[in-house]
Amino acid sequence: MNEKYDHKEIEKKWQKKWQEDGIYKTPDFQSDPTKPKSYVLDMFPYPSGEGLHVGHPKGYIATDIYSRMKKMQGYNILHPMGWDAFGLPAENFAIKNKIHPRIAVEKNIKRFKEQLSKIGFNYDWNREINTTDPGYYKWTQWVFLKMLKKGLAYESFEPINWCPSCQTGLANEDLDGGLCERCGSVVEKRPMRQWVLKITEYADRMLKDLDKLDWPEHIKEAQRNWIGKSEGTELEFKIKGNNSPQPPLKLRGGEQSEGELGIKVFTTRVDTLFGVTYLVLAPEHPIIEKLKDSKIENWNEVEKYIKETKAKTEIERTDAKKEKSGVEIKGIKAINPANGEEVPIFVADYVLANYGTGAVMAVPAHDERDFKFAKKYNLPIKQVIIPRLIDKSNPHIEGKETIFRDAVIVVVKNPKTDKYLCLKWKKHPWVTFVMGGIDKGEGAIEAAKREIEEETGYKNVKFIENLGLAQSEFYAAHKGVNRVAHTRNLFFELVNEEKSKISEEESEIHEIEWRSFDEIQNSDMTHSEMPLILDGLKKGMKPYTEEGILFDSGEFTKIDSETARERITKKFGEKVTKYKLRDWVFSRQRYWGEPIPVVHCQKCGVVSVSEKDLPVTLPEVERYEPTGNGESPLENITDWVNTKCPKCGSPAKRETNTMPQWAGSSWYYLRFIDPKNSKTLVDPEKEKYWAPVDVYVGGDHAVRHLIYARFWHKFLFDIGSVSTIEPFARLEFLGFILAKDGKKMSKRWNNIINPDDIVNVWGADTLRMYEMFMGPFENTIAWNDDNLIGVRRFIERIWKFSLIAKKTEEGNNNQKLENLLHKTIKKVTEDIENYKFNTAISTMMIFLNELEKLDHTSNVSKTVFDTFLKLLAPFAPHMTEEIWHGFGHKTSIHLEEWPKFDESKIKEENTLITIQINGKVRGQLEIKTGASEETVKEKALNLSEIQKWLADKKAKKVIFVPDRIINFVI
RNA sequence: GCCAGAGUGAUGAAAUUGGUAAACAUGCGCGACUCAAAAUCGCGUGCCGCAAGGUUUGUGGGUUCAAGUCCCACCUCUGGCACCA
């Protein structure tokens, strides 16, 4: 062996040998059925024209290490690799470089494979798949046909997202903030014929089953958000003409049966039903058309508004920050089913047509958006939910009488001085605003003015704003009763300082004090309403969107929100569940995708291509640029398009839309199990053996791919093609590698680092270890050339050590070393299992440091070193294999058995105990493991450095944690 | 705005789940080897202090013998959702 570790020669040699020996071939079933299987999968790459950068292999290295360990532990490993090659990027690359996408993909795959092979992965290339291979996409098409048969695929003519630059329709999942996720163009809404998959049918199951998955919480959360389940109530508001008081409007006979006309609304907060002050329809709401000729008085205005809305882009329309707009539909009113109140109806674009019922009951007092709208159009705001404020410093006293009352708290500001009128109580330690009860028959503002004059003498005040209503519960010490008060918090300003005389009685109770805003904010004012008042003064009135107690709500008054929702729903509506998730727009007007396997027959309509005629292959064409007219380029290939109806034989046309990029990747993990089967998608026996994927590794795609794949998988489960309800049991999230400059690696920034270069200079094993040692696997970290040297040094030190290490059993097995070895086995094994590769590597570094120290005095036995090599083998497969053979072994280290640790050897003879005095570290003590408190205490107290601190004081308390710490409290 | 996660040296980070904060590595400083440099090896390296010692995990408070870890409030960053009623 050479003194210097020559990675180039060694890596080449072993990669060739492993290939020849086929050590990574995966048998479908293990001869010993008691041995378990493990399916370890990476998200397969999209073979782009740019080739791999160093970020790509990070996940592949992790699964390589993991699966190598699993294999050594006796698992039957399925660890395959393939290519996701349909879709826009490949097609655009081909157009730009003027080659056929098929050729481009072939070239790119070849390049990717070369790059990957240099890193020394253990893939079983016999199972390679490619989504653009007709033998593969035959089954993608097959799944589509099954969905069609079950009614889960359907044609739709609804407006969908259209990217004018990519010239294709897109699914909701393909948008990023209203922009095309691919090219960043503003997406338009375009009505067009398209194929749609009913993913919504699976929304609930996909949501529920998330709980069963061992996935990172943030990904599950992203999926929950995307599915967006909300439970609420649907109820109907009847419509009535302005001038025809009774009865409500009826539909005229004809196509629709006669009945009262109504608007259905969906709400998650029926508890606010009594606070409805108007209704809002989405501009697309169909009822508007129905009402048009009869009742709408201002049709021109309404029509104009609807047209304007349609002209807006989706982003313009859904920008929450923009000012709300809308138009009242004059001539009709809606009737609140709860109290019979008539409220106006508006059309406004802040209501979305495709969520809920496309109509909303507006409760401005309790909803941000309705509030903004109501403020703008000066609509009434009626508070019906009030917060419940319990005064903790003056709680109700049991046994005392409880008195309800309506009250006002009056904030009076002197605009000249910017100070607020407060009362300092003489017999109680209180500072309050003016306050008092509302007398019978008296209005709140009236009561407030009366109280101001009675308590402070000020005669001329002006009402400014309502700061909100609350129910406060406290013990009124001055009256000796428990109080439940509905307090209106009102804000006034002094007009002038004219005063009347205050009664003696009043001036006995309190004195006036003017305080600045800061003072009222920071001092202890007695009201439990203070947060509400301060907020109101600072920001003006805001809608109260939390739950509380119902107010002014007929028979439901005083009930809490939750109970009220149940009861009101029962009485006036119906409980419903809605999802944000929309059906999956599944057709693309582009060439490079799986043809959708149906034909359009003049007689029979849409007819499936029969299964035996699958795959419907993509025709070879000269021109495959998008047409831009909303049709696929396939439209022009007449001899492909024109065909016969499989049902009746009459002339028919093939469907020319193709499937989106995400189709092939929605089930590929199943094909790896049985990649060459031409009879079925996956052999059931093999599927039962291998499924589900035990560990799935990848980044990004938190929503799209993982939602789609779960949906397809559940469908395949329903039709009996797979035996599990979820495809990926465990998911490990991969953090990206950024370029040195902290930016994303891209051609645009010219900062791409090619793994080939790193492998050349530093070697594959160094690249592998560096990427794993960078930090926690899920962290996004910038590449740093400087740190490569660290792992390279580590590798060279092992190499050098192997040259001097004993190759026989003669070595002296020092007990300390053996102890460390077993600890190392334990830690490395657990860390790989948990994808904590960075700490696994540091543990091995510690072990090597120790080895080198020891070597001066003793030799290390072959067994110890062999064991260490095995631990290292998954990380540095080339170097360990070379050393292994140098030690005289004839078979591959990667087929060895994974070391097991011996619990008894991990226990140390002596432990270092920390001695603390009052929690501060004052010394250490080495003592036999498991020593008793008495022994430790005695020894510790005898140490001079401890005596120094204790002086003559005695410990009040001693805390002892065996083998860890002793703390004297003095 | 809502939801989730995170804030620790110059840098990437570690910390047995409440028990010596900064393991491991990079960088930096000093030294050895060398004519010299690189490589390699040795020592040092949170901050203040000559030292004894003090002090330190985003900020402020709390629980505890003991807090990076638990609780409360706030600030900042990252990711997801966002006019979804």
Side-chain angles (χ1 to χ4, degrees), chain A residues 4 177-178 216-226 228-230 232-233 265-269 272 280 282 317-322 324 348-352 354-363 366-370 372-373 545 578-582 700 702-703 733 735 769-770 773-776 778-791 793-794 796-797 800 823 826-827 830 836 838-849 852 912-924 948 955-970:
Chain A
K4 184 108 177 87
E217 201 42 52
H218 73 274
I219 297 196
K220 291 202 215 179
E221 201 52 38
Q223 298 226 341
R224 286 190 197 107
N225 276 337
W226 192 261
K229 179 178 179 168
S230 58
T233 307
V265 298
F266 172 72
T267 176
T268 52
R269 293 294 303 270
T272 64
V280 196
R317 212 185 130 172
T318 58
D319 181 6
K321 279 171 225 124
K322 81 155 202 251
K324 306 258 174 296
D349 64 2
Y350 80 89
V351 172
L352 307 173
N354 53 2
Y355 183 76
T357 60
V360 166
M361 58 175 229
V363 188
H366 303 293
D367 182 279
E368 260 352 296
R369 296 151 300 179
D370 300 341
K372 278 187 195 154
F373 191 82
T545 56
K578 300 275 178 197
Y579 298 93
K580 277 200 304 188
L581 183 74
R582 299 294 142 79
D700 219 354
V703 171
F733 184 81
M769 284 199 124
Y770 167 64
F773 190 58
M774 285 177 91
E778 67 279 7
N779 281 20
T780 294
I781 303 168
W783 183 267
N784 183 350
D785 277 331
D786 291 347
N787 286 329
L788 274 162
I789 190 75
V791 281
R793 276 179 195 148
F794 176 59
E796 274 176 18
R797 279 163 57 206
K800 273 189 208 148
K823 276 188 181 165
K826 182 168 195 263
K827 177 83 175 140
E830 286 170 358
K836 289 162 87 175
N838 56 332
T839 46
I841 292 172
S842 71
T843 304
M844 291 189 290
M845 286 173 166
I846 292 169
F847 186 77
L848 179 68
N849 290 347
E852 287 178 335
L912 219 49
I913 289 188
T914 302
I915 307 163
Q916 294 185 335
I917 291 169
N918 282 344
K920 293 208 173 190
V921 180
R922 296 301 181 196
Q924 285 186 335
K948 183 175 89 185
K956 262 192 290 185
K957 200 171 165 189
V958 180
I959 286 106
F960 176 70
V961 182
D963 297 336
R964 197 143 289 175
I965 214 159
I966 186 158
N967 188 6
F968 298 97
V969 186
I970 54 170

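A note on names: the letters A, B, ... follow the listed sequences, proteins ahead of strands, and every chain is numbered from 1.
- At B:A85, one or more side-chain N or O atoms of A:Tyr355 fall inside 4.0 Å of OP1 or OP2 (strictly under the cut-off).
- Neither OP1 nor OP2 of B:A66 sits under 4.0 Å from any side-chain N or O of A:Arg922.
- Under the 4.0 Å criterion applied to side-chain N and carboxylate O atoms, A:Arg224 and A:Glu221 are assigned as salt-bridge partners.
- Comparing the C1' positions of B:A51 and B:U20 gives an interatomic distance of 22 Å, to the nearest angstrom.
- Within 4.0 Å of A:Val351, counting heavy atoms only, lies at least one base atom of the nucleic acid.
- For the pair A:Lys324 and A:Phe373, the cation-pi test (distance below 6.0 Å, angle within 45°) is failed.
- Phosphate contact (OP1/OP2 of B:U55, side-chain N/O of A:Lys920, threshold under 4.0 Å): present.
- With respect to A:Val360, the side chain to side chain contact (heavy atoms under 4.5 Å, CB included) criterion is satisfied by exactly one of A:Asp367, A:Val265, A:Val351, A:Thr267: A:Val351.
- Here A:Arg793 reaches the OP1 or OP2 of B:G27: one of its side-chain N or O atoms lies under 4.0 Å away.
- Of the candidates B:A85, B:G27, B:A82, the closest approach to any side-chain atom of A:Lys580 belongs to B:A82.
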Exercise. Determine, for nucleotides 9-24 of chain B in 5'-to-3' order, which nucleotides have protein heavy atoms under 4.0 Å from the base (write B), from only the sugar-phosphate (write S), or from neither (write -).
Key: ---BSS-B--BB--BB

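- In terms of polar N and O atoms assigned as donor or acceptor, the side chain of A:Lys324 comes within less than 3.5 Å of the base of B:C83 in a complementary pairing.
- The side chain to side chain contact (heavy atoms under 4.5 Å, CB included) check on A:Lys580 picks up A:Tyr355, with sequence neighbours excluded.
- Residue-level contact check: A:Arg797 touches the backbone only, with heavy atoms under 4.0 Å from sugar-phosphate atoms and none from bases.
- The partner of B:A25 is B:U11, judged by Watson-Crick or G-U wobble contacts that both fall below 3.5 Å.
- Nearest to the side chain of A:Trp226, among B:U26, B:A85, B:C81, sits B:C81.
- In this structure, A:Glu217 reaches neither bases nor backbone, as no heavy-atom distance under 4.0 Å exists between it and the strands shown.
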